[in-house]
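Contents: one structure, followed by commentary.
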Amino acid sequence: MQNHPSAEPDSDANPNFHSPLLDPPDSVPTAVAPSSLLHLSFNQDHGCFAAGTDHGFRIYNCDPFREIFRRDFDRGGGIGVVEMLFRCNILALVGGGPDPQYPPNKVMIWDDHQSRCISELSFRSEVRSVRLRRDRIIVVLEQKIFVYNFVDLKLLHQIETIANPKGLCAVSQGAGSLVLVCPGLQKGQVRVEHYASKRTKFIMAHDSRIACFALSQDGQLLATASTKGTLVRIYNTIDGSLLQEVRRGADRAEIYSLAFSSNAQWLAVSSDKGTVHVFSLKNSAGSPGTTQSRSTSEPVVSSHSSLSFIKGVLPKYFSSEWSVAQFRLVEGSQYLVAFGHQKNTVVILGIDGSFYRCQFDPVNGGEMTQLEYHNFLKPEAAF
């Protein structure tokens, strides 16, 4: 299928994306050579994560930690993007690495019950990332985003963006209508698409280029970081207003990931400085049930600088909101962060194959406690 992306792609099967993932049959081949990671991503509820390697892909459960299954391809096998759809059998795959399994300009829809691709989408340039919802497939190219209906792969919307080599894009995962966030057409700008109200909101989030952003599950809150990496800003996606600004640190850093907790009470941040930070969010989301949960665990230790009484005299730096809790890792390595399903826990994935689960104290804050560590690239990780 060599058609232009704006044409309707053919699908030789209607993806049944409600079937749960099954444990792998005993006959699944295992790679002999050690795999190197090309891609890491959590699923939509952060209960699982996917790894793309130079041999294939693997799916892991977070709590308890275990490998659910792997697919290692005989020839080539490089997978540069693996996007899960919650815990079901449908995955979106894009070839990657020096010896890609599929062309990097194609999105392959893989049905793991059939162990094969059931449909594909072709584009004129390389696919940077893919996002899935139960009703939509979103494909991100360098300067364009395509939104498809999941069931028939009909193209619904095209968006032009500034150069987006990282494939930055976030979609809401709540039961309501789709909220999509992507880079705008100018430096530091984000675009918010509210599909229910057919409204587009542009937010000038930063002076520098956008490095990372994340949406709360309901799509109401947006956290953004720039290439400077010192500040993270939280916006209301509906009116574009700035709700809060928190400080990761004083010197520049590359922000690798941002994640809201399920109740939007906390925000986690990882960067190349090797520290994962957890920030307390003000109760301005209007999310149901948030107010009650905040009253019992309001941090006693203020996350503001102790010098905030001289606000306006000294630079803004001294009146910044700092993180409540921290966990220190290897500096320079790339980490992905999300909140665990157990209360006040954070799950951290490293591009070196490390898996950490940590717990933070919501009242006193400080250094997080490490609960668990695994290297998921080692063979013994398979149960």
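For the residue pair H39 / S41, a side-chain donor-acceptor distance below 3.5 Å is found, with atom types taken as modelled. Side-chain atoms of D45 and N43 include a donor-acceptor pair closer than 3.5 Å. Between the side chains of Y195 and H157, a donor-acceptor pair is found at a separation under 3.5 Å. In this structure, a donor-acceptor pair under 3.5 Å is absent between the side chains of E142 and N164.
Counting all heavy atoms, side chain and backbone alike, G350 lies closest to L37 at O-CD1, 3.9 Å. Closest approach of K166 and I255 over heavy atoms only: NZ-O, 4.4 Å. Contact between P362 and N344 at its shortest, heavy atoms only, is CG-ND2, 3.3 Å. Taking every heavy atom of both residues into account, L178 and V147 meet most closely at CD2-CG1, 4.4 Å. Closest of all the heavy-atom pairs between S270 and V276 is CB-CG2, 4.1 Å. Smallest separation of non-hydrogen atoms from W322 and R248: CZ3-O, 4.3 Å.
In this structure, Q44 and Q217 have side chains that are not in contact, with every pair of non-hydrogen atoms separated by 4.5 Å or more. By the 4.5 Å heavy-atom criterion applied to side chains, R58 and E67 are counted as neighbours. V232 has its side chain out of reach of T224: every pair of non-hydrogen atoms, C-beta onward, lies at least 4.5 Å apart. In this structure, the side chains of Y60 and F69 stay at 4.5 Å or more apart for every pair of heavy atoms. Residues I210 and P183 are not in side-chain contact: their nearest non-hydrogen atoms beyond the backbone lie 4.5 Å or more apart. Side chains of F146 and F123 form a contact here, defined as non-hydrogen atoms less than 4.5 Å apart. Counting heavy atoms from C-beta on, the side chains of Q370 and R357 never come closer than 4.5 Å. With contacts defined as side-chain heavy-atom distances shorter than 4.5 Å, the pair T161/I145 qualifies.
Annotation: the span from H46 atom NE2 to L336 atom CG amounts to 8.5 Å, rounded to 0.5 Å. Rounded to the nearest 0.5 Å, atoms CG (N61) and CZ (R66) are 5.5 Å apart. To the nearest 0.5 Å, the span separating OG on S216 from CD on Q265 amounts to 13.5 Å. Here N375 contributes atom CG and D352 contributes atom CG; the two are 7.0 Å apart, rounded to the nearest 0.5 Å. Annotation: the span from I137 atom CD1 to E83 atom CD amounts to 10.5 Å, rounded to 0.5 Å. To the nearest 0.5 Å, atom CZ of residue R131 and atom SG of residue C182 are 11.5 Å apart.
Hydrophobic clustering (ILVMFWY, side-chain heavy atoms < 4.5 Å, transitive): V130 and L85 are in one cluster. Note on V190: it does not cluster hydrophobically with L180, by side-chain heavy-atom contacts below 4.5 Å among ILVMFWY residues. Residues L40 and L377 are members of one and the same hydrophobic cluster, defined by side-chain heavy-atom contacts under 4.5 angstrom among Ile, Leu, Val, Met, Phe, Trp and Tyr. Note: the hydrophobic cluster containing V171 does not contain F150 (ILVMFWY, side chain heavy atoms under 4.5 Å, direct or indirect links). I138 and L155 end up in different hydrophobic clusters when Ile, Leu, Val, Met, Phe, Trp and Tyr side chains are linked at under 4.5 Å.
Atom CG of D239 sits in a crowded spot, with more than 12 heavy atoms from other residues, nucleotides or ligands closer than 6.0 Å. In the displayed structure, R136 atom CZ is contacted under 6.0 Å by more than 12 heavy atoms of other residues, nucleotides or ligands.
The ring-ring contact (aromatic ring centres under 6.0 Å, His included) pairs that include a residue from residues 201-243 number zero, where partners must be two or more places apart or lie in different chains. For residues 261-278, the pairs satisfying salt bridge (Lys or Arg N to Asp or Glu O under 4.0 Å) are D251-K273, with sequence neighbours left out.
No side-chain donor-acceptor contact under 3.5 Å links D99 to the backbone of G78. Remark: side-chain polar atoms of S323 are not paired, donor with acceptor, to backbone N or O of H277 under 3.5 angstrom. In this structure, the side chain of R199 engages the main chain of I238 through a donor-acceptor pair within 3.5 Å. Put simply, the side chain of S257 gets close to the backbone of V337: a donor and an acceptor are under 3.5 Å apart. Checking side-chain atoms of E372 against main-chain N and O of V347 turns up no donor-acceptor pair under 3.5 Å. With hydrogens and angles ignored, the 3.5 Å screen pairs a side-chain donor or acceptor of R87 with a backbone N or O of G47. With T345 contributing its side chain and Q342 its backbone, the two residues share a donor-acceptor pair below 3.5 Å. In terms of modelled atom types and a separation under 3.5 Å, the side chain of S172 and the main chain of V179 share a donor-acceptor contact. Using modelled atom types, no side-chain atom of R191 and backbone atom of I159 make a donor-acceptor pair closer than 3.5 Å. Within the 3.5 Å criterion, the main-chain N or O of K282 finds a donor-acceptor partner in the side chain of Q244.
We find that K154 and D152 are not joined by a salt bridge, their nearest charged nitrogen and carboxylate oxygen being 4.0 Å or further apart.
None of I348, V278, T369 except one satisfies the side-chain contact (heavy atoms from CB on, under 4.5 Å) rule with C358; the exception is I348.
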| request: Any chance you could lay out the side chain to side chain contact (heavy atoms under 4.5 Å, CB included) test for F327 and Y335, step after step, and finish with the verdict? | output: CA-CA 12 Å; F327 186 72; Y335 295 98; over 6 Å; no
| task | Carefully, step by step, assess R116 and D111 under the rule salt bridge (charged side-chain N to carboxylate O under 4.0 Å, His left out). | result | CA-CA 6 Å; R116 70 182 186 94; D111 182 350; over 6 Å; no
| said: Between F279 and W266, does the side chain to side chain contact (heavy atoms under 4.5 Å, CB included) criterion hold? Intermediate values first, please. | reply: CA-CA 6 Å; F279 294 91; W266 308 100; over 6 Å; no
| request: Mind running side chain to side chain contact (heavy atoms under 4.5 Å, CB included) on R133 and Q173 for me, showing each step along the way? | output: CA-CA 7 Å; R133 269 174 55 108; Q173 292 298 340; 3.5 Å; yes
| request: Any chance you could lay out the side chain to side chain contact (heavy atoms under 4.5 Å, CB included) test for L267 and V269, step after step, and finish with the verdict? | output: CA-CA 7 Å; L267 179 76; V269 181; 4.2 Å; yes
| said: Applying salt bridge (charged side-chain N to carboxylate O under 4.0 Å, His left out) to K198 and E193, what does each step give before you reach the verdict? | reply: CA-CA 7 Å; K198 296 186 169 63; E193 288 291 329; over 6 Å; no
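Applying the side chain to side chain contact (heavy atoms under 4.5 Å, CB included) criterion to T237, with sequence neighbours excluded, gives V192, H194, L215, L222.
For an aromatic pair to be called close, the ring centres must be under 6.0 Å apart, and F49 with F376 satisfies this. Checked against the 6.0 Å centroid threshold, F57 and W110 count as a close aromatic pair. For F355 and Y373, the ring centers sit 6.0 Å or farther from each other.
A cation-pi contact links R134 to F86, judged by a cut-off of 6.0 Å to the six-membered ring centre and 45° from its axis.
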